[in-house]
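The structure appears below as structure tokens.
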Amino acid sequence: MPVLEGKGLTKYFGGLVAVSNVDLHVDEGEIVGLIGPNGAGKTTLFNLISGALPLRSGTILFKGQKISGLKPYEICRRGVARTFQSIKVFPDMSALQNVLLGSYFGVSPGMSSMEALREAKEILEFMGLSASSATRARDLTLASQKRLEVARALATKPQLLLIDEMMAGLNPTEVAQAIELVSSIRKNGITIIMIEHVMKAIMNVCERIIVLHHGQKIAEGTPQEIVSSETVIKVYLGERARAAS
Amino acid sequence: MIVRVLDIGIAGLLLGGIYALIAVGLTLQYGVARVLNIAHGEFIMIGAFITWSLYIIFGINPLLSLAICGPAIFTIGFLLYRTLFRRLRISSASPAAFEGSSMLACFGLLFIIQNLAILIWGADIKGYSYLAFPIRFWGQTFAANRLITLGFALAIGLIFYFFLTWSRLGKAIRAAAQDAAAAELMGINIDQVLALCFGFGALMAGLGGTLLSMSYKIQPTMGLEYTVIALIVIVLGGLGSIPGSFIGGLLLGLVGSIVTYIQPGLSLVAYYLLFMLLLLAKPTGILGK
Amino acid sequence: MLQVSDIDTYYGNIQALWGVSLRIDEAEIVALVGANGAGKTTLLNTVSGLLHPASGRIEFCGKRIDGMAAYAIVQLGMSHIPEGRRLFPDMSTRENLQLGAYPRRLWKHKEKTLEEVYKIFPILKEKESQLARTLSGGEQQMVAIGRGLMSMPRLCIIDEPSSGLAPVVVDEIFQIILRLRNEDIGIFLVEQNVQQTLEIADRAYVLENGRITLGGESKELLQQEVIRKAYLGL
Amino acid sequence: MDIARVISKRSSALWAPFLILILLASLPLCAPQYTIILLTTIFMYIVITVSWTMFSGPTGYISLAPAAFFGVGVYTSALLGLVLPLPAIIGIGGLASFCLALFVGALTLRLRGTYFVMFTFGLVELLLHFVLWWEVNITGTTGRVVPTVNNTKVFYFMLIIFVILMFALYTIRGSRFGLALEAIGQNEDAAAHTGVNVTMVKVITFAISAFFMGAAGALMATRWTYIDPKIAFNPLLSFMPVLMAIFGGMGQLYGPIIGAAIFAYLEEFLITRFPYYYMLIFGTIMVIAIVYMPEGLVGLIRRLLKSSTEGRHART
Amino acid sequence: MKSKVLPGILAFAVAALFMVSSAEAKRRPAKDKIVIGQAIALSGPLAGGVAIAGGPIYELWVEEVNKNGGIYVKEYGKKLPVVLKRYDDKSDIGTMTNLLEKLILNDKVDFVFPPWGTAWLYAAAQIANKYHYILIGGPGGALKLKELKLPYFFQVLNFSETQAPGLAGIFKEVGVKSVAVIYRGDLHGVEYGDAMVPYFKKKGIEVKMKKSYPPGIKDLSPLLKEAKSLGVDAFCAASYPDGGMLLTGQSIELGINFNAFFITVTPFSPNLYRDTFGVDVVEGVMGGGAWNAKSSPGAKELVDKYVSRFGVEPDYWGALYYWSSLQHFQQAIEKAGTLDQKKIRDVMATSTFQTALGPFWYDKNRYFVNHPGEIGQWQKGVFEVIDPGEKRTAPPLYPKPPWPKKKK
């Protein structure tokens, strides 16, 4: 049964098409990659799913229930969490406070302060951030800030996690760690959709890849299918990729 | 009926022209130089008083004092930016912090300028009569001085628009408004350009003051109400948009005139209602993105 | 042509660059590689005058330029094409390009220079009256580079030209950079795309945590184990 | 938010405010009447500034609506006269502002930055001119006489409003609601996607802060004795809390308090000593203050304190 | 912890500062002068009005009294000079009430003078009354104040209830058939606007238009044009100087003329009104007031004194009223022989004294009634009193001549 189902998703900005009639489905426990050149509509698609932007047309179902039209916080409380392409941690709050907010207001709001605190600490531990729990978020390294964003999203106890470019700007060692992290999150039973430019990461972790171009879905399939797809090579990867493959 | 509509329309434009001019000045200061100049109206007041003094003491034609007032107030504005606001800009941690601190500094300036004006010119209302006679056309009468005011306001606005669109400096000003750091990388001396913007803003206020003094009585406390109107107009027109401010100013004048015709008691209510409704419907203003 | 000697740069109280030295010769492509947060952009900003070093000296064409304002350095013939393109979104392509020739000396000849730039980027001529914000990512990057060329620089600093572009477009941009070198313009290039960068650069420096840790011919660097491991993920 | 740490911090720092409070409360017993009047005015500014900071501080939404909320309180008081006991009037005044803020907040808090600033300022002028038109054309009169109240009584009520305000502020700051508020200020989108109902949190805080402004207005009306729309909705009062908070420094809770107190006292001092030059002096002080104390008084004090402790370290 | 203690210390210091500063509160020293306090607008929107109408009279009176050695008070057996202690209320009513209480409580002044503006007078009257301080109403005052029945408040200026019948009488006399009334949306405007209509009706004059306009309006031409299109004989405006000047300016600019043109506040000012527009231009304009140098010998003397002191003529509405009320006040103090408010008040309420405008007394509501005139009209540069009866200094000029044709 699909966790997430989108039908005919469409969004315009002014007169420009950002996302055009995209269908997608994600099954429980999957890791789906979303790739495409800049401006292809990947982040817009995330914004539509998480409720940051209203749909022009189409519907989004989460676990069979319609979530399109809901406010971001309502969608979050139903179990869809996300991270952001440009980091959006709360810079002047400590790492712990960042995560605590998720525990307080996520899927199960109203838990006691003590319980929320315990949970937040657990998540920081899991993300390997315990040591910097009292550090202000703005003082963390880029990699840690990205982790913190994921930690905050996890604290809301999502069933579906949308990760937007977690690897960009990380060095290869950090990328490797991040890939590991994504896999372990999945092991905890959380479904993941990730936007990524780092091809290596996508190819390694994703079971299925969706390629967007000019707001349209131009391809969908396993990593192997994608790298060998004529269309994808023509509009996205270019000649070099062809030569290399 | 058509004559009546025309009459109301022109009456609105007569006032709107001045609003437009003043608002363009504030747009340069706030939209470009990021100084929320609460003291904008004080520059208008200074312009009006200088014009009055020149007319009463030396008998200098108010239209001629446009050429005297403008440059004088431009210099004041330019120097103010070079000394005070430049320093604040450099020492501010963020653009938002600069906006806060510059507003506070402008409040200080408001007090200083107003007090100086009271000391120099006294607190009482002053005025003079210039070109106060009717002109008739299309079966309606209009005040000569107001028509001239509108003419000059439109001309100044137009000249400035062409200056911004075509000249090298004008392009630099627009570039600085859109991305100051990138503009600096083009070889534009950003401090200089922002100071010029602030100066031009003051210049517009000064010219506005001169034109206002031809039809309105003046007093040292007159500034704030014009500041408020200019603020409304620049938001109405879309922050940072110079043509937007110009159109916004004319529009506000028109609305005021229409409502005054129907129910004069509500004319100011209409300004604010229009402003707030527009903000809700299209928060970025008429020509905003 | 450019000589950077032992500079320290601070962001507020935090030191971002530690004793950085490097040089760029005429018509040479020099690449600067390093991880995010290593201080690459800080270094570029220090060279172009947006930031000022606390100590050390920078010379450009024999003139000392540390402490000079950015706009004055542009007039000496250095142009900095910033990360993220930073076009003036509400101005046309043409106006954006014109502004590149802002210094008075160049403004007179701007129409001629413009024709030259259009020769390099024919597509920009087609779109010359379009507002910059409506251009595609690749076109925007071309405008950014074209704008940088309008000042007829002897040295062009290019920060992350490939960011946010599809691989196909990146290839095109790199071709253009190579072409510039052939027109005797020095290039100081910062890129995340290390492999491709080192392929076109003559020399390269590696910046780590605000310090230059390696430097040399790019062909040699490409072979070095450290680079291969840290930046190419091989 | 380490709860244990917060509690320990509180208990040891509590004595100072308490002491000041007791001191202030006992003041009417010994101090001259005018001191009480002056203190009432100063506390009025403190209440407005602190309640302004309550919302605008953490969220970063600069509200220029204080004059509107204060004015609604003033007008409530003027309309009700003294037919009800004073505490009831204060409560109703506050509640009226609370309701207005709920409505306005729900309508406008999606506006950001300057647009929000200008909208709130427009609100003041709109109310002013609308009430004016209403009175003149519908009720056929304008202005109302408000019976005067004993000065000491007004002072005590203002003090009580202040104490309740501080209590509310502390409670909010320490709660998850406060954490959400802070998160909204730092990144509204992220807060929304972390499950925070940002609109509700903002609107409620906005309304709570309006409550205190309205309450202060209802109380102050009794000191002004005569009210008309131009007096009640004085736009300058919208700028005062902003200026006072920046002047004091917004980084710390006590910044706006000190800012408001010194600002208000300075004004009174200058206006009575130099009636013809006070604006000049006041303006100059403001300009100098902003140039030399970019982080407000609190920043200045901190810098001085830091340099003095450093000096001490150097000596030992 | 240190950072938490600091605010405590600071706040303490601030509190201490207040105490010290207010501890200045002096004990009453041996009497060598009479101190009179006044919180009035020296800055802000009202300051303009203060400067042209009323403000300087108080200064002139103090100088005049001191020139004669002061006021003789029997209690102290000598003449005491007068000192005027002025504070700026910034045209803000909250500041005014604070400062008035400061004058009374902290500075312990002997007497207080009124602030400027009707609303301000309302607030001040109540506060002065609370402390049993005499307040002689200066610029402002209106009908509603009567209802408050404040025993220490004396109203000096004439107001809507006395001026409106005067105006209606003149209109009837000259044959005005119909009028248009506009009024400013504030206390002054509403009172005058409402007062005029019934008196016009009583005299059989038709009110064809009655509209309010908000303070701060920038264009009154639609109102003028509307009144003109209704064909009214007279145009009446209850306005303050901003509106009064705008209205006159726009009538001239548009060449809209009425047979009678009346503005409550503004025409009475010779330097603001007559001299701005010119003697020829304002010929025939009517305004609230009124008196002139011909009203009485004392009036002539006041004009001369004022001109030699300030270089301009006084306003022809309040100046003589306030001046005379102060003369009455001085004689009341001398008669009472003390500085005790209650005793002086009783003398003031019951005694008639000779003043510049002639005999001066208050009625049982403590309202001054012997006005030198209600309505004035500019005729050849003189603000003539045109009330019917013995106060009249010249017959009304009707119809008003048209605005002069363009001449520079």
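For a residue to count as touching a neighbouring chain, one of its non-hydrogen atoms must lie under 4.5 Å from one of that chain's; by this rule M44(D) does not touch chain E. Only the side chain of Y278(D) has a heavy atom closer than 4.5 Å to any heavy atom of chain E. Of the atoms belonging to V146(D), it is backbone heavy atoms, and not side-chain ones, that fall under 4.5 Å from chain E. With a 4.5 angstrom heavy-atom cutoff, D194(E) touches chain D only via side-chain atoms. Residue S91(E) does not touch chain D at all, counting heavy-atom pairs closer than 4.5 Å. Proximity to chain E (any heavy atom under 4.5 Å) is shown, for E135(D), by neither the backbone nor the side chain. Using a 4.5 Å cut-off between heavy atoms, D89(E) makes no contact with chain D at all. Proximity to chain D (any heavy atom under 4.5 Å) is shown, for I104(E), by neither the backbone nor the side chain. Contacts of K102(E) with chain D are made by both backbone and side-chain atoms, with heavy-atom separations under 4.5 Å.
Within 6.0 Å of the OH atom in Y277(D), the count of heavy atoms belonging to other residues, nucleotides or ligands does not exceed 12.
When side chains are defined from C-beta on, Y131(E) counts as touching Q33(D), because their heavy atoms get closer than 4.5 Å. When side chains are defined from C-beta on, T97(E) does not count as touching Y226(D), because their heavy atoms never get closer than 4.5 Å. I37(D) places a side-chain heavy atom less than 4.5 Å from the side chain of N98(E). Side-chain contact between I271(D) and K90(E) is present, with at least one heavy-atom pair separated by less than 4.5 Å. The shortest distance between side-chain heavy atoms of P215(E) and L132(D) falls below 4.5 Å.
The backbone N or O of T225(D) sits less than 3.5 Å from a side-chain atom of Q126(E), completing a donor-acceptor pair.
Summarising the geometry of G185(E) relative to V136(D), their closest heavy-atom pair is CA-CG2, 3.5 Å, with the distance given to 0.1 Å.
Between the side chains of E101(E) and N151(D), at least one donor N or O sits under 3.5 Å from an acceptor N or O.
Within the model, atoms CD of E268(D) and CG of L99(E) stand 6.5 Å from one another, a figure rounded to the nearest 0.5 Å. Rounded to the nearest 0.5 angstrom, Y34(D) OH and L105(E) CG are separated by 9.5 Å. To the nearest 0.5 Å, the span separating CD1 on I231(D) from CG on D92(E) amounts to 8.5 Å.
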Solution key, residues 43-52 of chain E side-chain donor-acceptor pairs under 3.5 Å, sequence neighbours excluded:
| from | atom 1 | to | atom 2 | distance (Å) |
| --- | --- | --- | --- | --- |
| S43(E) | OG | D88(E) | OD2 | 2.7 |

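Ranking F274(D), W224(D), Y276(D) against chain E, the residue ahead of the rest is W224(D), based on heavy-atom pairs under 4.5 Å.
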